[in-house]
Amino acid sequence: MARTPIIAGNWKMNNTIAEGTKLVKELAPLVKDAKVTVVVCPTATALAAVADALKGTNIHVGAQNVHWEDHGAFTGEISCPMLNEIGVDYCVLGHSERRGYFGETGESLEQREAGEYLDFVAGQVKAALDGFSAEEVGKLVIAYEPIWAIGTGKTASFEQAEEVCAHIRKTVAEKFNQAAADSIRIQYGGSVKPATIKDLMKQPNVDGALVGGASLKAKDFSEIVNY
Ligand code: PGA
């Protein structure tokens, strides 16, 4: 079954409103014929302005974090309906930087090193997908990002990326069903660059990329999107 690849730019804590809107105005014409789903994930303060600037384009907007409740006494948090209201369609959840720096749940790097990495990743996938229906899971996107490859310039080999992404798909099939596993999109992330995207996308179980550093330059990100 054909899955539309998804390439997302995770801006992390970069780009003011002025910088972010300038970047997407430069980016939009460069990716207008993209064959993939294109997403940019600005900071919370820039979400509304970037979503406005992207109206009528093929670029979607994603947030970098969201609370699980729709509303309530959760100081400093933002909910899904609030994001939807300003035109946000996607959200990065459980990024390793949030797990590492802000104490979100998730196993540590030490635990990863101590155990088998495939079992470790399968455990994270099962925990993250708990409570979803098979139908909902089919609409999700999972990003596999080895911590040692984020922002370091060290990319996992294409074989390593494929091995883990295939294992994630198998885990989804076992926990839910084959239809969910066939439709869920699995990205690789960690120092993805214009020079590495092509071979990465040849891997049958890699359905896209989550791009940090290289998403901050319109030219680099557009080259990744148009691989
Ligand atoms: P990077 O970040 O591309 O700068 O390595 C990827 C990410 O953390 O999503």
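Counting convention: from 1, in listed order, for ligands and their atoms alike. Bear in mind the structure is a predicted one, so any value in this text is a computation, not a measurement.
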Gly189 N/O under 3.5 Å from ligand 1 N/O: no
N-O pairing of Asp207 and Arg169 below 4.0 Å: yes
Member of Asn15, Asn14, Val50, Val40 meeting the side-chain contact (heavy atoms from CB on, under 4.5 Å) criterion with Leu23: Asn15
Crowding at CD, Glu19 (>12 non-hydrogen neighbours, <6.0 Å): yes
Proximity flag Ala214 to ligand 1, non-hydrogen atoms under 4.0 Å: no
Any Gly190 heavy atom less than 4.0 Å from ligand 1: yes
Sub-3.5 Å N/O-N/O distance, Thr152 and ligand 1: no
Ligand 1-proximal atoms of Ile150, by part, heavy-atom distance under 4.0 Å: both
Sub-4.0 Å atoms of ligand 1 with respect to non-hydrogen atoms of Asn10: 9 (O)
From NZ (Lys139) to OG (Ser133), nearest 0.5 Å: 7.5 Å
Ser96 contact mode with ligand 1 (heavy-atom cut-off under 4.0 Å): neither
Between CG on residue Asp89 and CD1 on residue Ile59, distance to nearest 0.5 Å: 12.5 Å
Distance from atom 7 (C) of ligand 1 to nearest protein heavy atom, with residue and atom: Glu145 OE2, 3.1 Å
The one among Ser215, Gly151, Gly213, Cys41 that brings a heavy atom closest to atom 5 (O) of ligand 1: Gly151
Element-labelled atoms of ligand 1 that are located less than 4.0 Å from some non-hydrogen atom of Ala149: 5 (O)
Ser191 neighbourhood, listing ligand 1 atoms whose heavy-atom distance to it stays under 4.0 Å: 1 (P), 3 (O), 5 (O)
Exercise: identify the closest heavy-atom pair between Ala161 and Tyr188: CB-CD1, 3.8 Å
Steps toward side chain to side chain contact (heavy atoms under 4.5 Å, CB included) verdict (Val36, Tyr227): CA-CA 10 Å; Val36 304; Tyr227 66 92; 3.9 Å; yes
Per-atom contacts, ligand 1 versus His95 - under 4.0 Å to a heavy atom: 7 (C), 8 (O), 9 (O)
Considering all heavy atoms, the nearest Val211-Val192 contact: CG1-O, 3.9 Å
Nearest protein heavy atom with distance in Å, relative to atom 3 (O) of ligand 1: Gly212 N, 2.8 Å
Worked check of side chain to side chain contact (heavy atoms under 4.5 Å, CB included) between Lys175 and Asp130: CA-CA 9 Å; Lys175 186 173 165 75; Asp130 237 12; 2.7 Å; yes
